[in-house]
Number of protein chains: 2
Amino acid sequence: MNTIRTASVCSKPRQLSIRDIATAAEVSHSTVSRALQHSPLVKRETAEKIQHIAEEMGYRASAIARGLATNHTSTIGVVVTTIADPFVAEIIGGIEETANDHGYSVFLANSNADSEREIKVVHSFEERRVDGIVVTSSRVGALYTPMLSRMHIPIVLINNQHPGEFVHSVMIANLEASRDATRHLIALGHKRIAYLGDQYGYQSDSERFAGYREALAEAGLPFQPEMVVHGDGKSEGGMRAVEKLLALPQLPTAVFCYNDMSALGVLRRLQLAGLEVPRDVSVVGFDDLFLAQFCHPPLTTVRQPKRRMGQLAMETLLSLLAGAESEENITVPGELIVRESTAPPREDR
Amino acid sequence: MNTIRTASVCSKPRQLSIRDIATAAEVSHSTVSRALQHSPLVKRETAEKIQHIAEEMGYRASAIARGLATNHTSTIGVVVTTIADPFVAEIIGGIEETANDHGYSVFLANSNADSEREIKVVHSFEERRVDGIVVTSSRVGALYTPMLSRMHIPIVLINNQHPGEFVHSVMIANLEASRDATRHLIALGHKRIAYLGDQYGYQSDSERFAGYREALAEAGLPFQPEMVVHGDGKSEGGMRAVEKLLALPQLPTAVFCYNDMSALGVLRRLQLAGLEVPRDVSVVGFDDLFLAQFCHPPLTTVRQPKRRMGQLAMETLLSLLAGAESEENITVPGELIVRESTAPPREDR
DNA sequence: ATCCCCTCGGAGAGCGCTCTCCTCAGTGGC
DNA sequence: GCCACTGAGGAGAGCGCTCTCCGAGGGGAT
């Protein structure tokens, strides 16, 4: 059992309670409670007087006590793989904004992309009696089903890594977006296009891979298994993957990377090898991280509407909380952003 | 009065309480409470039996109820200017990690760098009865003093924009770091060094400016007011500021930017003007954002130990919570990271 | 046997709210 | 004058914990 405890030494002095306001205003505590929540059951002037006194005394209602009494806390829990990931940060931004607009506060915790830790964090959210939970890149999608039924606490997954296993989610249209990106390369005249995937077998990777293959197929281009390499989702992995491509008898003229961080590594490693992007090799990423526009050359990539996805997740949660049988799985389209890392292949290659 | 409310329709079913476990285990609720917090007042086997039953029934203690009873919640509130800022994201990472290690959960909210909103957010944290608060780039430092005494809730500021006005803070050594950065340029042989500051008059800007002047002075270089321009902290502002420098009769050979985002704009605008960095102009930033190593050319900059600063802030909070009269103001040194955006000036300039 | 202490566990108050159930005037209808 | 009704506000239980105060039983020591 993991209970939330701390050996705090300092005991704060009692804070003002509703009863203190009551005696000051010479009414009962019930009336104060009602006045403070603008109940029509209390006369206008009485309410105003009470509100005035409360304000003056610097009274802050305890959300804790209210939560206990009402059985809901106006809080939601957000679990992310890591906060430092710029991709994730924007999603959080979208969630927090929408949450705040509706009077909700958000608990933030990171799972370090570790399923065990993810579960632990969610448990701690349960103990905190959050009203809802949003999880990005969940590693354990299916495990939330019992939680939904047992605890009746709605959960929305963003870019769930095990789709089809859970009811409420917001996803990017991986297949379509990556097909579009690959089509873009094909339209430029590329025929030898490498795919840089991920080594952990995530759903997002395999869907993007499928889109890549679909585009090749519809263009009548052969699929060449040696053109598929794997990274770790970070730039280091991208660099290592390029080395495998460099060892090939014939270099691909373009590389489609399943995310921007990998693409950054690709860019760097190609430059190290004395190759110029896009003259020698074209590179496409996926995500449209903030830095994609600042790297050299600015990266052609697929934009995920990260902020919007956060908002959508929170909106789904809100309608779920309002009792709606909300839409099950929301898919948002990606958008191809063409910058300067792609160009037609050189004639001689 | 801003009370936290929502018109949630769905009323969750009652969850398991300590009493349910008590009847199942045929003991009193007090014993369950004690067993669950590993009190020595209950016999080992009884405790284990209770823990087992609780586990089996999927019981989750209510942190809400506990918070009400104990008068502390094991939560802290973090207010940031904006979550999407990569600078801030890393700080949050440091805070969250340390908090979590000590059994604290963190509430996250953003102030949009708006002082009014900052206060609102802090109020909502008060209502939630957080045990402590961390604020980054506070706009209202001094206002927290009454809060400290009235509410007895410790507050730590990170990079407070009104230093000297508040007791607990973690700050980067702006002056020293920017002096070092300027010295680096001087050592390379630069004599006409521009300073790109901020237009809002933040403390961090003026301290960095002071460091710049100090370095000039100690090298016996004249301070030239026309070499000082102002941006908005973002790349757009950096670009606009460069235009003023381009209009000068003689271009500076180096630009020291008070943050990386501005420097990115400088890089871009100089390239647009057909100038090459660092051959024609050297550029130095401040922050060492993640993307500083990926831009073109990789940016020489001052690293702020962002994650560490978050940790330090949280550690300060923890010792404050433990009743210690913790160190008042912590200053951490910046570190100059020399990359490829700086070089000796061209002979002919 | 008496007394004391020590261990284990129960009873119940209290944390600060909400909300139901009452009470008490005042008012209007007949 | 009686009753019903309405509007305003009080009393108090209850939310799910913690923790103090007790009590019961079981040894020693005297």
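Here the structure is a predicted model, which means the values were calculated and not measured. Throughout, protein chains are lettered first and strands after them, A, B, ... in sequence-line order, and every chain is numbered starting at 1.
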Point to revise | Partners passing ring pair (Phe, Tyr, Trp, His ring centres under 6.0 Å) against B:F87 (at least two apart in sequence or in another chain) | key: none

Study note, to complete from the structure: Applying side-chain hydrogen bond (donor to acceptor under 3.5 Å, both in side chains) to A:R308 and not counting sequence neighbours gives A:Q311

Between the protein and nucleotides 24-28 of chain D, which nitrogen or oxygen pairs are less than 3.5 angstrom apart?
none

Practice item. Let me know the distance between CG of B:L41 and P of C:dC6, rounded to the nearest Å. Key: 14 Å

Check your understanding: Given atom CD of A:E45 and atom C1' of D:dA8, what is their separation to the nearest angstrom?
Key -> 11 Å

Point to revise | Residue whose nearest DNA chain C nucleotide is more 5′ - A:V32 or B:V27 | key: B:V27

Check your understanding: With no hydrogens and no angle check, do the side chains of A:N112 and A:N110 hold a donor and an acceptor under 3.5 Å apart?
Key -> yes

Revision key, fill the gap. Residues passing the side-chain contact (heavy atoms from CB on, under 4.5 Å) test with B:A47, sequence neighbours excluded, are B:A35, B:V42, B:Q51

Review point. Quantified as the angle between the terminal helix axes (five pairs each), what is the overall bend of the helix from C:dA1-D:dT30 to C:dC30-D:dG1 to 10 degrees?
Key: 60°

**Study point:** Partner set under side-chain contact (heavy atoms from CB on, under 4.5 Å) for B:R19, not counting sequence neighbours
**Key:** B:S17, B:H29

Practice item. Begin with the C-alpha distance, continue with both residues' side-chain angles, and end with the deciding distance and a verdict on side chain to side chain donor-acceptor pair (under 3.5 Å) for A:N329 and A:S169. Key: CA-CA 5 Å; A:N329 288 293; A:S169 66; 2.3 Å; yes

Point to revise | Separation of C:dG10 P from B:K43 NZ (nearest whole Å) | key: 11 Å

Exercise for review: Report the residues that fulfil side-chain hydrogen bond (donor to acceptor under 3.5 Å, both in side chains) with A:T75, sequence neighbours left out, ordered by chain and then residue number.
Suggested key: A:T73

Review point. Roughly, in whole Å, what's the span from CD in A:E127 to P in D:dT18?
Key: 11 Å

Practice item. Take the protein atom CD1 of B:I50 and the nucleotide atom P of D:dC17, then report the distance between them rounded to whole Å. Key: 14 Å

Check your understanding: Looking at residues at least two apart in the chain, or sitting in another chain, which of them share a side-chain contact (heavy atoms from CB on, under 4.5 Å) with A:A313?
Key -> A:V134, A:V156, A:I158, A:V170

Exercise for review: Please check the phosphate of D:dA8 (OP1 and OP2 only) for any side-chain N or O of A:T46 closer than 4.0 Å.
Suggested key: no

Exercise for review: Go through the structure and list residues passing side-chain contact (heavy atoms from CB on, under 4.5 Å) with A:I53, not counting sequence neighbours.
Suggested key: A:I21, A:A24, A:A25, A:K49, A:M57

**Study point:** Partner residues of B:E90 under the side-chain hydrogen bond (donor to acceptor under 3.5 Å, both in side chains) criterion, sequence neighbours left out
**Key:** none

Practice item. Would you tell me if any nitrogen or oxygen in the side chain of A:S33 comes within less than 4.0 Å of OP1 or OP2 on C:dC17? Key: no

Study note, to complete from the structure: Per-nt protein contacts along nucleotides 11-16 of chain C (heavy atom under 4.0 Å; B base, S backbone sugar-phosphate only, - none) come out as BB-BBB

**Study point:** Pairing residues for B:R44 by the side-chain hydrogen bond (donor to acceptor under 3.5 Å, both in side chains) criterion, not counting sequence neighbours
**Key:** B:E48

